Amino acid sequence: MPTLTIDDTKVEVPEGTSLLEACRQAGARIPTLCYLEGVQAIGACRLCLVEVEGARTLVASCVHPATDGMVVRTATPRVRRSRRAVLELLLSEHDGDCQSCVRNGDCELRTLAQELGIDSLSYEGEKTRRLLDTSTPALLRDSGKCVMCRRCVTVCGQVQGVGGLFPQFRGFETVIGPAFATDLANVVCVQCGQCAAVCPVGAIVENSVIDQVWAALDDPDKHVVVQTAPAIRGALGEEFGYEPGTLVTGKMVSALRRLRFDAVFDTNFGADLTIMEEGTELLTRLRRALVDKEPVALPMFTSCSPGWIKYMEHFNPDLLPNLSTCKSPQQMLGALAKTYYADKKGIDRKDVVVVSVMPCTAKKYECARPEMSASGYQDVDYVLTTRELARMIKQAGINFHILPDGKMDRPLGLSTGAADIFAVTGGVMEAALRTAYEIVTGGPFPFANLHVQPIVGLEGVKEAAITIEETVPEWAFLRGVTLRVAVAHGLANAQKIIDRIRAGEAEYHFVEVMTCPGGCIGGGGQPRLTSDAVRQARIRAIYAEDEGRELRKSHENPDILKLYEEYLGKPLGKLSHELLHTKYVVRDRV
């Protein structure tokens, strides 16, 4: 292992470590704008410059390997001057509106300017060409604020495998965006928001609906309900200074009541309902394949992640029959809020406004899809990201830290631990297996603490197999069958699974895909910047929420059972199909 001297401190690092990582291990704070942990090190921004003894020039530490015997200094006058000059040049081109920018207080460029003591600019010059793109429901682009870090290009191309963003033109005329400087709506874009999640400035942000939600809350003729995704409760606290992974479920509920929502529901209820519908759909497909010998689209893919659905519509339209027809938990709960709930409360359906709080920008796109109107109206009216909810709480002058712990409203607020883990990669699969196994066998789920360890964690592609030894009579055809499942997070990883299936290298019955790295806990609408350490902290919080529940399996939720008894009839029944299931659309790849 190489040993370096960094600012008079001896540091031993593994072979292959970058100088940036070595310096950080030695306790030095090295500024960066283009670096992305484990994904991108291109030396584009030049802010990570350090001085290496014997080197003629300063070196970009993110792309320079740490070698044995190297002597490094990270804060010499030469280093400080150079970093400051680089940042002033970036600021001179930056066409930002810092006083009103949504990223004010969360802008890496501004933070670095403060850290480097820049309170005036030495360079005056032409600003970056400004192109405004408001074409999609999920995202807004402002090229004038772009600092050419290329983080968005890397995430879109390498992590998501979509490739909707590229550097175009040359020199000062360079623009980062879709081909031919067109709008996002005119190219393949799954609207996942990972570009916005990694952008260091305000060049790509979520398309905010805060003003529309305030207007609905202020309208005395509207009954406004809110639902919150499971990933929110382990991340919202970060916007108020809590450590990543701090569970703030109760405070979140109280904050929503202070915002004057008429009812606070839980998207987890929709997740439990999804398991009942999706699990039944999987078992039905297996019966048709194994007993009726019909040609059936297997493996079945989960359909909870709207970015994944849009990706399949663009890139793998021939596999659309393999997608579960289930709507996402958000859309299921929205449809029920405007039918089952509205009818029980005696409220005209047109007067019910459903607001979702999601970790995901693609949910803004999903709720606007024309298919999502089974209630006779748009099932979900507005989607707020975690960041937007935090801004609303601050706008209302609510002291989040002193709020008491509130509880969700019933009937759409009771949920199980299985629904909580929808927030993490592998969680939808595990929740489905808990229920499907017990329905088929009549016995308890055989995994320690109910967790299927092979599909837990941040590995990009995970697999598991469960052999069904005994069954109840209805499912006797599954006795002796080994159920093979796979899990992927990040769309590039999902494509790897698809390619293996096409090549005949892998055979599965059920596949879970989540668009964002780590699952919803790493969604495009979550507090920035999401590193693997932050993902792990949020994952631990979600599993702790699950493990602390009295009910941990979707089929044990009494309000779900009551919903079927009173209203839906049975999973995959006529009314369930009308309200809770959907179809998909073949889309161009250009």
Side-chain angles (χ1 to χ4, degrees), residues 213 216-217 222-233 249-250 252-257 259-278 304 326-358 363 366-367 372-384 389 406-420 422-423 431 545 549-551 553-569 571 575-576 578-581:
V213 174
L217 289 168
K222 297 299 181 183
H223 185 85
V224 188
V225 304
V226 64
Q227 58 169 312
T228 64
I232 308 300
R233 58 211 68 191
T249 313
M252 174 186 70
V253 172
S254 292
L256 291 167
R257 295 200 194 287
L259 292 174
R260 295 179 290 108
F261 284 99
D262 294 297
V264 179
F265 294 143
D266 201 341
T267 310
N268 284 15
F269 181 90
D272 279 334
L273 187 59
T274 298
I275 291 302
M276 299 300 289
E277 293 290 325
E278 198 167 65
C304 296
C326 287
K327 293 179 179 179
S328 71
Q330 164 183 276
Q331 295 302 138
M332 285 192 179
L333 194 138
L336 290 174
K338 292 197 175 183
T339 55
Y340 176 64
Y341 170 74
D343 294 348
K344 284 178 75 76
K345 296 286 287 185
I347 304 169
D348 193 319
R349 295 180 182 184
K350 69 177 176 58
D351 294 326
V352 177
V353 175
V354 178
V355 177
S356 299
V357 184
M358 294 286 138
K363 290 291 182 183
E366 180 187 40
C367 79
M372 302 301 177
S373 56
S375 64
Y377 302 91
Q378 185 173 324
D379 294 333
V380 174
D381 297 280
Y382 305 111
V383 173
L384 298 165
L389 174 59
K407 291 189 176 181
M408 308 279 187
D409 292 312
R410 297 176 76 169
L412 306 181
L414 181 66
S415 61
T416 70
D420 286 313
F422 265 57
E545 185 92 328
R549 295 270 199 163
E550 181 180 350
L551 301 174
K553 302 162 191 172
S554 297
H555 58 287
E556 295 177 344
N557 185 331
D559 284 3
I560 292 287
L561 300 179
K562 187 177 180 181
L563 172 67
Y564 280 111
E565 180 184 339
E566 289 184 350
Y567 192 65
L568 293 177
L575 187 55
S576 292
E578 290 176 5
L579 292 179
L580 309 180
H581 293 256

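Since this is a predicted model, take the numbers as computed values, not measurements. In this chain, residues are counted from 1 in sequence order.
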List for me each residue that meets side chain to side chain donor-acceptor pair (under 3.5 Å) alongside [X], sequence neighbours excluded, and say none if there are none.
X: Thr339; result: none
X: Thr274; result: none
X: Asp379; result: Lys327, Ser375
X: Asp351; result: none

I'd like to check the side-chain contact (heavy atoms from CB on, under 4.5 Å) partners of Val253; sequence neighbours left out, ordered by chain and number.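 Result, side-chain contact (heavy atoms from CB on, under 4.5 Å) vs Val253: Arg257, Val264, Met408.
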Distance check, rounded to the nearest 0.5 Å: Met276 atom CE versus His555 atom NE2?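 Spacing of CE (Met276) from NE2 (His555) equals 8.0 Å.
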Val383 side chain near Gln330 side chain, heavy-atom distance below 4.5 Å: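 Yes, their side chains come closer than 4.5 Å.
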Verify the distance criterion only: is there a donor paired with an acceptor across the side chains of Thr416 and Asp272 at less than 3.5 Å?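 Result is yes, a qualifying pair exists.
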Could you tell me if Thr267 and Gln227 have a donor-acceptor pair between their side chains, going purely by distance under 3.5 Å?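 Gln227 vs Thr267: donor-acceptor pair found between side chains.
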Mind checking ring-ring contact (aromatic ring centres under 6.0 Å, His included) for His223 and listing every partner two or more places apart, or none if nothing turns up?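 Result, ring-ring contact (aromatic ring centres under 6.0 Å, His included) vs His223: Tyr341.
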Could you work out, with ring-ring contact (aromatic ring centres under 6.0 Å, His included) as the rule, every residue matching Phe422, not counting sequence neighbours?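 Checked Phe422 against ring-ring contact (aromatic ring centres under 6.0 Å, His included); zero matches.
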List for me each residue that meets salt bridge (Lys or Arg N to Asp or Glu O under 4.0 Å) alongside [X], sequence neighbours excluded, and say none if there are none.
X: Asp559; value: Arg410
X: Asp420; value: Arg233, Arg549
X: Glu278; value: none

What's the shortest heavy-atom distance between Ala216 and Lys222, and which atoms?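 Ala216 and Lys222 have their closest heavy atoms at O-CB, 4.0 Å.
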Work out which heavy atom in Met332 is nearest to a heavy atom in Leu580; give both atom names and the distance.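 Closest approach of Met332 to Leu580, heavy atoms only: CE-O, 3.5 Å.
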Can you list, pair by pair, the side-chain donor-acceptor contacts under 3.5 Å of residues 561-568, counting residues two or more places apart and other chains?
from   : atom 1 : to     : atom 2 : distance (Å)
Tyr564 : OH     : Glu277 : OE2    : 2.6
Glu566 : OE1    : Tyr340 : OH     : 3.0
Glu566 : OE1    : Lys344 : NZ     : 3.4

